[in-house]
Amino acid sequence: MQTDIHMSEWQRNYFIVTSDTSTPGQKADAYRSQILHIQHAWANSDISQNCAANLFKTFVEKYSEIIDSDNVERGLNNYAKDILTMVKYQQNESDKWQSALTPNNVMELKCIQAMMRAGKMFEMPLKAQIDISIDKQVTESVSSNVPNHTLSSGHGESVVGAGLSNYVTQATEICEKPSTSKCYRNDIFSPKAGVTCSVLPVTMNDVSSRALTGSNESAFNSSLKSTSNACSGQDLSSAPSAFSARMGNLGKRKTFAVSSEDNSNISSGSTHKLVPREGSNIPWNEKKNNENKASGFKTAKEQLWVDQQKKFQNHPQHIPLPSYGGTKKSLGAGRSRGPFGKFVPPLPKQDGNGNTGMPVKSNGTGSTELTYPIDERLKNIEPKMIELIMHEIMDHGPPVNWDDIAGVEFAKTTIKEIVVWPMLRPDIFTGLRGPPKGILLFGPPGTGKTLIGKCIACQSGATFFSISASSLTSKWVGEGEKMVRALFTVARFQQPAVIFIDEIDSLLSQRGDGEHESSRRIKTEFLVQLDGVATSSEDRILVVGATNRPQEIDEAARRRLVKRLYIPLPEASARKQIVSCLMSKEHCSLTEEEIDLIVKKSDGFSGADMTQLCREASLGPIRSLQTLDITTVRPEQVRSIAFQDFESAFKTVRPSVSSTDLELYETWNQMFGSGR
Ligand SMILES: Nc1ncnc2c1ncn2[C@@H]1O[C@H](COP(=O)(O)OP(=O)(O)OP(=O)(O)O)[C@@H](O)[C@H]1O
Ligand SMILES: [Mg+2]
């Protein structure tokens, strides 16, 4: 079956690459796809090593012809784009790119020194120009003359030969300099004598040890070719152009390597084939880890892992640090990884023994190495969705405290008791004391339901996933149920987690005849997931639903949201707190009595109405500047906010909740609510 799929896709790709009507972009995609298939087939041992290497070489060459060609009809000419993309994606969030390339430390490079030691001189002085792309399109150009030194291959032939005019090789290796643990990148090599020559900051040993693994294998292969060809003084104008940098990630599945014989031949100009290294089953990640360990450089993934370890070492009682707000849990999801980018799965939970569930491999020397989590459960989730969840649904807003929420004391106390404490101390809240898995906040609009949801996540140290139910039904049309599944799966990895579903009524509304098939599917999936969370005692996931139409919620869903808390309109004391709090941040001359008067006049206002009232009043002093020109007025000329501004504001801001609506909430609360 699997083979059938590959065959038909293969045929389709073949048709695309041979068709005259296909665009270069389509052809490039088709080649990429074919290359992936080759890797896949090889990884599954469907084809032999030699066959894989040959096919790989052929297709990569064809692919690079399209990618690198500057003919608008036949090629994409996206060198620059690729390089910039790579620079962007390879950047470690926790470790800003720093260029370690200076004229001095270029001279310290092993390869340069080895060449200098060899004592062979070029016929012409070398001018080295190193273009270092740092972060987003910031280019630092370090130009240095290297007088009295010339580079030699050690075989008497110049590395920079004449007649290399139009040949540009793209080298993409990122080198870690062990002593400084800085990264430097040397991207474009134009071995055109006397014009520009960039020095590849990689020693020949590096070449062999890196063995064309990982994300840069193909480009590396290309650079090897150019190096070896150049070493032998051949004219490179006919050499195949560089492979696209994007090909890089292909190598992550199985290690491609240059054999040691190949390596020994590098400087003698022999052809270096990209072949899977025999018996090599060291995953790319591990190799990369080893290199990184040696250099001190950490990838974002490694940094995340280290952070996670620290977090749990410092909090052995499973008391997690607040993740919402204060520190951003980016998990690398904040950046896109490009078409071939590999999703970095979020970390799975830890058990009581500090076991993360992550595979730890012994390398046979007694020390253990970390490999990164590849969980079966995430396998069936589309990476696109996971990225979306991490990007759009995982909330990283400013922290919210309980004090920021005025009034609603009963709801706050209940939530602290049944949600926050159990999340902080799961060891005490076991059995019957275990937290509910679903709660519902209901009440009139603008009373702080969303605010409470954020506060729960913030105060319990949980990862906060915030999604509006209407976006599930509208934004991901036809994919809503997949999204729900993906959301719960990712949440399981990010435990403790709070999934906040605003406007939950539109997701879990009563079943009706006119109900759309897709929303029915979403609802079913949601109930299934909720049941899964509810029945698993290990999962520390809380679903918080918020609605201002509780009566529309399906009874099956209602049952699963066991605690239903009424969030009413703020009482006088709460309204006073809101006004005082907001006014304390402004230039204001309200007396205590005036505030009391405002509170009295605002009976029936929701929290959001009160906020709006204050905003409106704060514009009063600006409006009174009639005679002055707003563009020239100085801040100190603006008078303080006074009671009269509130009086004017009351003329335009009215309560948004009607008394009939309020009655409905009260009735529903008496029937289904968890309040006293
Ligand atoms: N109890 C409160 N204390 C302080 N501010 C509040 C309170 N209630 C509402 N607000 C203010 O109103 C804004 C809107 O509140 P929020 O979004 O939490 O309301 P909501 O109940 O979720 O409304 P909706 O049902 O329409 O989604 C808040 O950002 C906050 O400024
Ligand atoms: Mg809301």
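Order of listing sets the numbers, starting from 1, for every ligand and every atom in it.
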Do me a favour and list the nearest non-hydrogen protein atom to atom 3 (N) of ligand 1 with residue, atom name and distance? A406 N, 2.9 Å

T450 and ligand 1 - part of the residue with a heavy-atom distance under 4.0 Å: both

Using a distance threshold of 2.8 Å, state whether an N, O or S atom of N548 lies below it from the Mg ion (ligand 2). no

Quick test: of every protein heavy atom, which one is nearest to atom 10 (N) of ligand 1, and how far off is it to 0.1 Å? G607 C, 3.7 Å

Heavy atoms only: give me the nearest P445-K449 pair and the separation to one decimal. CA-NZ, 3.9 Å

Among all the protein's non-hydrogen atoms, which is closest to atom 11 (C) of ligand 1, and how far away is it? T611 OG1, 3.5 Å

Step by step, would you call D603 with R575 a salt bridge (charged side-chain N to carboxylate O under 4.0 Å, His left out)? CA-CA 9 Å; D603 189 27; R575 296 199 302 276; 3.7 Å; yes

Does atom NZ of K600 have more than 12 heavy-atom neighbours, drawn from other residues, nucleotides or ligands, at distances under 6.0 Å? no

Give a yes/no on ligand 1: does G446 have at least one heavy atom closer than 4.0 angstrom to it? yes

Given side chain to side chain donor-acceptor pair (under 3.5 Å), test D645 with S618 step by step and report yes or no. CA-CA 7 Å; D645 299 316; S618 70; over 6 Å; no

Please determine if I405 has a nitrogen or oxygen closer than 3.5 Å to a nitrogen or oxygen of ligand 1. no

Would Y566 and F442 satisfy ring-ring contact (aromatic ring centres under 6.0 Å, His included), going step by step from the backbone distance to the final call? CA-CA 5 Å; Y566 181 38; F442 68 95; 5.3 Å; yes

The protein heavy atom nearest to atom 12 (O) of ligand 1 is A608 CA, 3.3 Å

What do the steps show when you test Q529 against E525 for side chain to side chain donor-acceptor pair (under 3.5 Å), and what is the final call? CA-CA 6 Å; Q529 292 294 339; E525 183 63 46; 2.9 Å; yes

Which atoms of ligand 1 have any heavy atom of N548 under 4.0 Å away? 24 (P), 25 (O), 26 (O)

If the cut-off is 4.0 Å to any non-hydrogen atom of T447, which atoms of ligand 1 fall inside it? 1 (N), 8 (N), 9 (C), 19 (O), 20 (P), 21 (O)

Numbering as shown, the atoms of ligand 1 that approach D404 to under 4.0 Å (heavy-atom distance): 3 (N), 4 (C)

Do V408 and ligand 1 have an N or O pair less than 3.5 Å apart? no

Identify the two heavy atoms, one from A557 and one from L508, that lie closest to each other, and give their separation to 0.1 Å. CB-CD1, 3.4 Å

Consider every N or O of L451 and every N or O of ligand 1, then say whether any pair is closer than 3.5 Å. yes

Relative to each other, are the rings of W421 and F429 parallel, tilted or perpendicular (30° and 60° limits)? tilted

Using a 3.5 Å distance criterion without hydrogens, assess whether the side chain of K563 forms a donor-acceptor pair with backbone atoms of S674. no

